[in-house]
Structure formats: structure tokens, C-alpha cells
Engineer: 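Mind having a look at this structure? Questions to follow.
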Amino acid sequence: MRSDELCFCGSGLTYGECHQAVTQRLWAMKAKGAIVPRPALIKNKKQIEGIREACRINSLVLDKVAENIRVGMTTQDIDDIVDSYTRELGGIPAPLNYEGFPKSVCTSVNEQICHGIPSDKVVLREGDIVNVDCTTIVNGYYGDASRMFTFGKLSPAAEKLVRVTKEAVELAISHLEPWCHLGDIGYYISRHARENGFSVVREIGGHGCGLAMHEDPYVCHIGALHKGMILPPGMVFTIEPMLCEGTSRFVVNKRDGWQVSTADGKLSAQVEHMVLITETGVEVLSK
Ligand code: MF3
Ligand code: CO
Ligand code: CO
């Protein structure tokens, strides 16, 4: 594409003013054997503003859950809070009807790894650890993040699992910089988990996000330093490791086809942040 043509991304700017510099640098790296993203995965200014706003609203929904969640509540109560507050803020809960998912949020309790379906039969108890994973659509843009909530006194193992999972995400984020590699994320997360005696789910992971809930690339939480796709400024994706107390092998509920639990029934924890690679570092959109 010529510098004076309108950019392919729809920004209204010329290619020269928009995606040209980053695309040319990626092509040069690709010629030397690097794995590089498609230029369309690199968000323009307008898209970043929209995604930032969707993440802001999504965080407000998670804050609302944090204010209200308590022992004795059901996971359906969490769904009610998320659905109504998301709409009150002008957003749409993305999980509802996504590939047939029946609820507005994922609530994964104890041995559930992810995609837990809210239910009026699941009551939150003292000692439980629960992941609440919200995804919100605002003006067509997506924000996706999840937090762990715990109740009362936890077992030492549960306490440590939740702490190490949060640390693993923070550690990976602290190493992000423009033009680093996707494998760096999985390297730091899996190393921190392993050093603390926990396993990491390999087959379910993070993802590009912003214009759709799930975009390329797949973000594996097991990886090797300086390997995998290059992450230039403008890349937006989630980091959402699932750490397990025992085996990382899992089973998918046969009746609903969604809920993923550890094969050994031991605990699993997850924390999800959505990040933007910037010219100088990283912006945590889901803060
Ligand atoms: N929020 C989840 C993620 O982090 C996706 C949920 S899809 C659903 O990728 F259908 F289960 F809601
Ligand atoms: Co999510
Ligand atoms: Co996600």
C-alpha cells in the first residue's frame, strides 16, 4: 500500500500517517525469521480509545461484584449483579449467548478452572475461592478481565495458590515492553508457578482482544524466553493464567459443554488482565 493511500485499518489517516512505520519494521523482522502479527492486529488510536473505555466499564462491573459478593450468595446472584450493572453503565455482557454460553459472566469456584456457569444451586461458602470473569462490550469494543474472590479463612494451600496466581500475572506484565516476544509471558508465569509447586494449564489461555472477544494471538501461559510472536506497540491482549494445586489436566462438563474443572478435583485459580503494548512500555487497561 502507498504512503498516501488511506490506511487499511479505517482510521481515516493515510497509511504513511498510520500503520506504515510499524508494518515495515515487522516485515524487516519477518524477513529475518521472526514470527510477526498481521498488521490488522495492531490497534489504531481510535480503537485503543474505544477499548480503553470498554475496559474501564468492565472494571467498574468487577468493582461492583467486589462490593457485594459475600458468603451465602449464589453464583446466580453474581450473574444478576453483573448483568444489571453492565447494562446500567451502557454496556452489554459479552458472555451471554456467546457460542451458546447461557449466562452473563463466568463464575469458577474452587476446582473449577474456568467457564463456570452461574447457578442458583451454587452457594458461596467460607473457605471458597472464586474467579469472576467479566467481559463487556461498549460501543462495539471489548474489555475482558477477571479477579479472584475468597471468603473467610482459607486453607494454606488455597491462600498460596491465589497469591501466586496474582503474582504470576504481575510478574509477566512487569517484563512486557514493545517488541518483546509472546513466549516471554509464558516463561515468567510458568517459572513462577513451578517454583511455588503449582502447575499451569497449557491448552486454555489468553488472547488478542478488543474488536472481538477472542482474537489472535493465542497467549499460552507456558513459554520460552525470546520465542514466539513479536509484540509491537498497539497490540492488545489478555494474560489470564490458570494455576492448579495438583494436575493441570482437566475435564469439561459433558452436560453443558462449558465448565472446565481439574481432573483431580484439586483447586485452581485464575487472574485476567488486559494489556496494551505502548511505544514505551505497557498499559494495563483492566486496572
Ligand atoms: N472471559 C473469558 C475469557 O477470558 C471468555 C468467556 S467465554 C464464555 O476468555 F462464553 F464462557 F463466556
Ligand atoms: Co475473561
Ligand atoms: Co479472556
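Just follow the structure's listing: the first ligand is 1, and inside any ligand the first atom is 1.
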Engineer: Determine, step by step, whether Arg147 and Asp63 satisfy the salt bridge (Lys or Arg N to Asp or Glu O under 4.0 Å) criterion, reporting the C-alpha distance in whole Å, the side-chain angles of both residues, the deciding distance to 0.1 Å, and the verdict.
Structural biologist: CA-CA 10 Å; Arg147 298 182 195 164; Asp63 290 345; 2.9 Å; yes

Engineer: Using 30° and 60° as the class limits, which term best fits the ring planes of Trp258 and Tyr98: parallel, tilted or perpendicular?
Structural biologist: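 Tilted, since the angle between the ring planes falls between 30° and 60°.
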
Engineer: Relative to ligand 1, is Asp144 under 4.0 angstrom through side chain, backbone, both or neither, heavy atoms considered?
Structural biologist: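 Side chain only.
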
Engineer: I want to know whether Phe8 and His19 have ring centres closer than 6.0 Å.
Structural biologist: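 Ring centroids of Phe8 and His19 are less than 6.0 Å from each other.
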
Engineer: What protein heavy atom sits nearest atom 6 (C) of ligand 1, and how far off is it?
Structural biologist: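 The closest one turns out to be Cys106 SG, 3.9 Å.
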
Engineer: For Arg2, is there any backbone N or O sitting under 3.5 Å from a side-chain donor or acceptor partner on Glu5?
Structural biologist: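 Flag set: sc Glu5 to bb Arg2 pair under 3.5 Å.
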
Engineer: Counting non-hydrogen protein atoms only, what is the nearest one to atom 12 (F) of ligand 1? Give residue, atom name and distance.
Structural biologist: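 Answer, as residue, atom name and distance: Pro95 CB, 3.1 Å.
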
Engineer: Regarding ligand 1, does Glu240 bring an N or O atom to under 3.5 Å of one of the ligand's N or O atoms?
Structural biologist: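 There is such a contact, yes.
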
Engineer: With 2.8 Å as the limit, count the protein N, O or S atoms near the Co ion (ligand 2).
Structural biologist: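 Under the 2.8 Å cut-off, the count stands at 4.
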
Engineer: Test Ile81 against every option in Ile69, Val132, Asn68 by the side chain to side chain contact (heavy atoms under 4.5 Å, CB included) rule and name the one that passes.
Structural biologist: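 Among the candidates, only Asn68 passes.
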
Engineer: With heavy-atom distances below 4.0 Å as the criterion, list the atoms of ligand 1 near Thr135.
Structural biologist: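 Counting atoms of ligand 1 from 1, those under 4.0 Å from Thr135 are 1 (N).
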
Engineer: Is it the case that more than 12 heavy atoms not belonging to Arg202 sit under 6.0 Å from its CZ atom?
Structural biologist: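 Result for CZ/Arg202: open.
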
Engineer: Please list, one pair per line, the donor and acceptor atoms closer than 3.5 Å that link side chains of residues 149-162 to other protein atoms, with sequence neighbours excluded.
Structural biologist:
unit_1 : atom_1 : unit_2 : atom_2 : d
Ser155 : OG     : Ala158 : N      : 3.1
Lys160 : NZ     : Asn196 : O      : 3.1

Engineer: Does the pair Glu53/Arg56 count as a salt bridge with the N-to-O cut at 4.0 Å?
Structural biologist: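 Salt bridge: yes.
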
Engineer: Please evaluate residues Glu283 and Arg52 with respect to the criterion salt bridge (Lys or Arg N to Asp or Glu O under 4.0 Å), reporting the C-alpha separation (whole Å), side-chain torsions for both, the decisive distance (0.1 Å), and the verdict.
Structural biologist: CA-CA 10 Å; Glu283 178 180 336; Arg52 196 181 274 126; 2.8 Å; yes

Engineer: Can you confirm, on distance only, whether ligand 1 has an N/O atom lying under 3.5 Å from any N/O atom belonging to His207?
Structural biologist: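 Yes, since at least one N or O of His207 sits under 3.5 Å from an N or O of ligand 1.
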
Engineer: Taking Thr135 as the fixed residue, which of Asn58, Thr86, Asp144 is the one that meets the side-chain hydrogen bond (donor to acceptor under 3.5 Å, both in side chains) rule?
Structural biologist: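 Of Asn58, Thr86, Asp144, side-chain hydrogen bond (donor to acceptor under 3.5 Å, both in side chains) with Thr135 is met by Asp144 alone.
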
Engineer: Before we go on, tell me: are the rings of Tyr187 and His192 under 6.0 Å apart, centre to centre?
Structural biologist: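 No.
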
Engineer: Under 4.0 Å between a Lys/Arg side-chain N and an Asp/Glu carboxylate O for Lys43 and Glu215?
Structural biologist: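 Salt bridge flag = yes for Glu215 with Lys43.
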
Engineer: Under 4.0 Å from a heavy atom of His214: which atoms of ligand 1 are those, numbered in the order shown and with their elements?
Structural biologist: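 That gives atoms 3 (C), 5 (C), 9 (O) of ligand 1.
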
Engineer: Checking a contact table here: which protein heavy atom is nearest atom 2 (C) of ligand 1, and how many Å away?
Structural biologist: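 Checked against all protein heavy atoms, atom 2 (C) of ligand 1 sits closest to Asp133 OD2, 3.4 Å.
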
Engineer: Under 4.0 Å from a heavy atom of Glu272: which atoms of ligand 1 are those, numbered in the order shown and with their elements?
Structural biologist: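 Atoms satisfying the 4.0 Å criterion: 4 (O).
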
Engineer: Counting heavy atoms only, which part of Glu99 comes closer than 4.0 Å to ligand 1: side chain, backbone, both or neither?
Structural biologist: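 It is neither; nothing of Glu99 touches ligand 1.
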
Engineer: Under 4.0 Å from a heavy atom of Phe101: which atoms of ligand 1 are those, numbered in the order shown and with their elements?
Structural biologist: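 So the answer, numbered in order with elements, is 8 (C), 10 (F), 11 (F), 12 (F).
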
Engineer: Taking backbone and side chain together, does His207 place any N/O/S atom at a distance below 2.8 Å from the Co ion (ligand 3)?
Structural biologist: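 Of the N, O and S atoms in His207, at least one lies under 2.8 Å from the Co ion (ligand 3), which means yes.
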
